[in-house]
Amino acid sequence: GYRVSLQGNYFGRNHTYMTFPEYSPRKHIKLDPPMNIQSNATASKCQIWWSVWNVPWYLAEILQYELQYKEYSMSWEVALNKTLPSSLPQVEIEATELRSGIAYAARVRCKVSENENSYHSQWSEWSQTTVFQRPDVPKVSEKILNTKTMQYLFIPLSFGTLLCLFWSCNLSSRYCCFLTLGQKASLALTFPHQLLSFSHSIVCTMGILR
């Protein structure tokens with residue numbers, strides 16, 4: 001440790017005003033605030049990351065971070081604080097903690113972890129802010145409901161149409177004896193063409209529903 005004294009000259013005489021008999025620099029650390037804070041928000045989460053400057057490697061591994069975020073229009077006095085469990089310079093905020101379509105501001109500060117006995121520090125100043133906004137979430141339930149409804153309606157209608165085609169073919173065959181040879185050939189070609197067109201429609205519609 002060190003012995004630190006605060007001295008001054010008053011009316012030509014030296015005076016000692018304050019003395020720290022056991023001063024250890026490693027117990028009185030204040031780091032620079034984190035920098036380059038950035039964010040990326042999606043419909044499911046928001047990722048925030050940053051970097052630290054002028055921090056020795058042996059301290060970077062034992063740092064503790066605190067995140068503070070709020071709605072952009074609100075005061076920092078009502079912001080939410082999170083002490084991060086990891087020394088990694090990154091954090092994720094779940095979408096359930098954010099309101100869709102609302103802009104947020106976040107900042108972070110750091111210090112040596114309180115679980116560390118060899119070093120001690122106070123919180124750094126807050127970093128600059130990053131602004132992010134969770135995208136509007138579409139109403140998935142309604143989309144799924146509409147898709148399922150279309151599938152439930154499409155399947156019985158498809159089978160019904162097939163039955164009608166087969167019934168039409170069967171009905172036509174009963175009167176086939178009254179047709180000429182050319183009309184029979186035309187009838188024989190019409191049904192496979194209708195069936196092929198309908199099968200193609202089924203494949204295309206099922207692809208759209210997926």
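Heavy atoms only: backbone and side chains are in, while hydrogens, waters and symmetry mates are out. Keep in mind it's a predicted model, so treat the numbers as computed, not measured.
Nearest heavy-atom pair, P135 versus S100, reported as atom, atom and distance to 0.1 Å: O-CB, 3.6 Å. The two residues Y104 and E97 make their nearest non-hydrogen contact at OH-O, 4.3 Å. Contact record, S121 with V112: OG-N, 2.7 Å, taken as the closest heavy-atom pair. Closest non-hydrogen pair, S113 versus Q64, comes out as CA-OE1, 3.5 Å. When all heavy atoms are compared, the tightest approach of S39 to T130 is OG-OG1, 2.8 Å. The shortest non-hydrogen separation linking A79 to N81 is O-OD1, 3.5 Å.
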Checklist entry - Is there a side-chain contact (heavy atoms from CB on, under 4.5 Å) between W50 and V108 once you walk through the steps? => result CA-CA 9 Å; W50 57 89; V108 67; 3.9 Å; yes
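Following chains of ILVMFWY side-chain contacts shorter than 4.5 Å, one cannot reach L63 starting from W126, and the two form parts of different hydrophobic clusters. When the side chains of ILVMFWY residues are joined at heavy-atom separations under 4.5 Å, either directly or via intervening members, L67 and L88 end up in two distinct hydrophobic clusters.
Heavy atoms of other residues, nucleotides or ligands lying less than 6.0 angstrom from CD of E125 number 12 at most. More than 12 heavy atoms of other residues, nucleotides or ligands shown are found within 6.0 angstrom of CH2 on W123.
E92 contributes atom CD, which lies 11.5 Å from atom CG of L84 (distance to the nearest 0.5 angstrom). Atom CH2 in W53 sits 9.5 Å away from atom CG in D32 (nearest 0.5 Å). Atom OG1 in T129 sits 11.0 Å away from atom CD in Q68 (nearest 0.5 Å).
A distance-only check finds a donor-acceptor pair linking the side chain of S124 to the backbone of C110 [under 3.5 Å]. Between the side chain of Q128 and the backbone N or O of I37, no donor-acceptor pair lies under 3.5 Å. For S51 (side chain) and M35 (main-chain N/O), a donor-acceptor pair under 3.5 Å exists by modelled atom type.
Inter-residue side-chain proximity for L80 and Y69 is flagged as met; some heavy-atom pair is nearer than 4.5 Å. Side-chain contact between R109 and Y65 is absent, with no heavy atoms from C-beta onward closer than 4.5 Å. Side-chain contact between I29 and L31: present, with at least one pair of heavy atoms (C-beta onward) separated by less than 4.5 Å. Between H120 and R26, the closest side-chain pair of non-hydrogen atoms is not below 4.5 Å. Between R99 and E71 the shortest side-chain heavy-atom distance falls below 4.5 Å. Residues L98 and F132 meet the side-chain proximity criterion, which asks for heavy atoms closer than 4.5 Å. Looking at I48 and N40, their side chains never come closer than 4.5 Å, going by heavy atoms from C-beta outward.
Ionic pairing of E94 and K45 is not present here: no N-O contact between side-chain nitrogen and carboxylate oxygen is shorter than 4.0 angstrom. In summary, E66 and K111 do not engage in a salt bridge, as defined by a charged side-chain N under 4.0 Å from a carboxylate O.
Hydrophobic cluster membership for V131: Y72 (Ile, Leu, Val, Met, Phe, Trp, Tyr linked by side-chain heavy atoms under 4.5 Å, directly or transitively). Cluster note: M74 groups with V78 through ILVMFWY side-chain heavy atoms spaced under 4.5 Å, whether in direct contact or through intervening members.
For the pair R107 and W76, the cation sits on the ring face: its NZ or CZ lies under 6.0 Å from the ring centre, inside 45° of the axis.
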